[in-house]
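Below is one structure, written out as structure tokens; comments come after it.
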There are 2 protein chains.
Amino acid sequence: MALDHAILVSLLERPGSGYELARRFERSIGYFWTATHQQIYRVLKRMEGDGLLDVRDVPQRGRPDKKEYSVAGPGRAVLAAWLHEPIEPESLRHDLAVKIRGAAFDDPAALIHEVERHHRVHGDRLAHYLAGERRDFTGPGAPSPPDAARELQHVVLRGGIAYERMTIAWLDDVLATLHRLGRTAPPA
Amino acid sequence: MALDHAILVSLLERPGSGYELARRFERSIGYFWTATHQQIYRVLKRMEGDGLLDVRDVPQRGRPDKKEYSVAGPGRAVLAAWLHEPIEPESLRHDLAVKIRGAAFDDPAALIHEVERHHRVHGDRLAHYLAGERRDFTGPGAPSPPDAARELQHVVLRGGIAYERMTIAWLDDVLATLHRLGRTAPPA
DNA sequence: TCGTTCTATGCAACTCGTTGCATAGCAAGA
DNA sequence: TCTTGCTATGCAACGAGTTGCATAGAACGA
């Protein structure tokens, strides 16, 4: 149930509604954790029922009212307890790697367009991360000295940047390999 | 249902029992896809029922009999169809990144031991991958010229190696950040 | 001989995550 | 006015994945 913890962290960084959380999971938090709005609404409701979160109705002008959630004392305690527990080092779920190995039993060259598409997506993500880094951390408008929360957000973002750079370099390697196989071993 | 496809690829590379597949998912295939034996047995049964796999009972000496699965014609067709479909670029699920951002609301320095532990695990994985690469691809006993399947296995392994190297470098960055925060901003 | 470990397969229950659908207010433009 | 799109919340059903447990033959060492 790390989604619970990701929500607690996000709400500690800034209280917000389910809808706002869902959008954060498409952006900053979503760089390393994904969730759909249905999942978020369900978990928010459960956590509120368990007393981990406070809610308050916020009327809005020009748009529907929202429920703004914030972390209650017990929620903070739950997060602190989790922070002191060891967790399993992450393991990957990489569909594309399955496809690449599977391509040996089909036409390797047919994968080139798919890999190029992934290459573009990761290039876009990298550009997006770098823009965010300039805006929030290294650009002229970024506050200094930054506090612990910002420093930690920055080091996580640097991880995302390193991940995208590594992935792009690897996809170049994959493309070179597929091209080489296409030349030397045409498909049956 | 990419587990289905991962199983098809693994069985095309080499037929095997559910038990053997489960061990492969702790090793080579498991570098980029994980599955428990329960999941595997269940999926094997379903795929066999759907005619995607063939089974054959193999009596063994000194150990229990096993059921050896191999890919049937329709299974190959299902895999080929999947290979020609586009898939979503992968997204991460990185608990440790959640913890790192969460540490801002607790004691950042308390995370150091956990991060060091992950650092060691990734160092071990890297060493393991490099040993496998020497054994199967770059060492003196490795066959040359390699076929397409081996080339593709190798490029996926290089991806795993690049991932571990990137992760280790990032964890160094994280540790430096946590140490810095521990010095300049002692916990409340 | 007795407990442990490894091979080998499986059920049942549960939780997590996804997909499809539904509602509703308001804004903006055709 | 009518459609489209954005904000905002939610249900129901399904599928994927985890956890705990159970069985059983054989090897191996204490």
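Separating the CZ atom of Arg23(B) from the P atom of dA8(C) is a distance of 7 Å, rounded to the nearest angstrom. Atom CH2 of Trp33(A) is separated from atom C1' of dC16(C) by 10 Å (rounded to the nearest Å). Atom NZ of Lys66(A) is separated from atom P of dT23(C) by 26 Å (rounded to the nearest Å). Separating the CG atom of Asp65(B) from the C1' atom of dT9(C) is a distance of 12 Å, rounded to the nearest angstrom. When the P atom of dA8(C) is taken as reference, atom CG of Asp57(B) falls 13 Å away, rounded to whole Å. Remark: C1' of dA8(D) and CD of Gln60(A) are 9 Å apart, rounded to the nearest angstrom. To the nearest angstrom, P of dT7(C) lies 15 Å from CD1 of Ile40(B). Atom-to-atom, CD of Glu20(B) to P of dC6(C) comes out at 17 Å; the value is rounded to the nearest Å.
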Self-check item: Test side chain to side chain donor-acceptor pair (under 3.5 Å) applied to His154(A) and Asp136(A), step by step
Solution: CA-CA 9 Å; His154(A) 190 189; Asp136(A) 297 335; over 6 Å; no

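Tyr41(A) is listed as a side-chain neighbour of Tyr19(A), based on a closest heavy-atom distance under 4.5 Å. Counting heavy atoms from C-beta outward, Ile100(B) and Gln153(A) have side chains that stay 4.5 Å or more apart.
Remark: Glu114(B) engages Arg117(B) in a salt bridge, criterion side-chain N to carboxylate O under 4.0 Å. Under the 4.0 Å criterion applied to side-chain N and carboxylate O atoms, Glu20(B) and Lys66(B) are assigned as salt-bridge partners.
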Show each protein N/O and nucleotides 10-16 of chain D N/O combination with a separation under 3.5 Å, one pair to a line.
{"from": "dG10(D)", "atom 1": "OP1", "to": "Lys45(A)", "atom 2": "NZ", "distance (Å)": "3.3"}
{"from": "dG10(D)", "atom 1": "OP1", "to": "Lys67(A)", "atom 2": "NZ", "distance (Å)": "2.6"}
{"from": "dG10(D)", "atom 1": "O6", "to": "His37(A)", "atom 2": "NE2", "distance (Å)": "3.1"}
{"from": "dG10(D)", "atom 1": "O6", "to": "Gln38(A)", "atom 2": "NE2", "distance (Å)": "3.2"}

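Distances shown here put every side-chain N or O of Thr36(A) at or beyond 4.0 Å from the OP1 or OP2 atom of dT19(C). The phosphate of dG17(D) (OP1 or OP2) has no side-chain N or O of Thr34(B) nearer than 4.0 angstrom.
Nucleotides of DNA chain C nearest to Arg63(B) and Ala35(A) differ in position, and the one nearer the 5' end is that of Arg63(B).
Residue His128(B) places its NE2 atom among 12 or fewer non-hydrogen atoms of other residues, nucleotides or ligands, all under 6.0 Å distant.
Using cut-offs of 30° and 60° on the angle between ring planes, the pair Trp170(A) and His94(A) is perpendicular.
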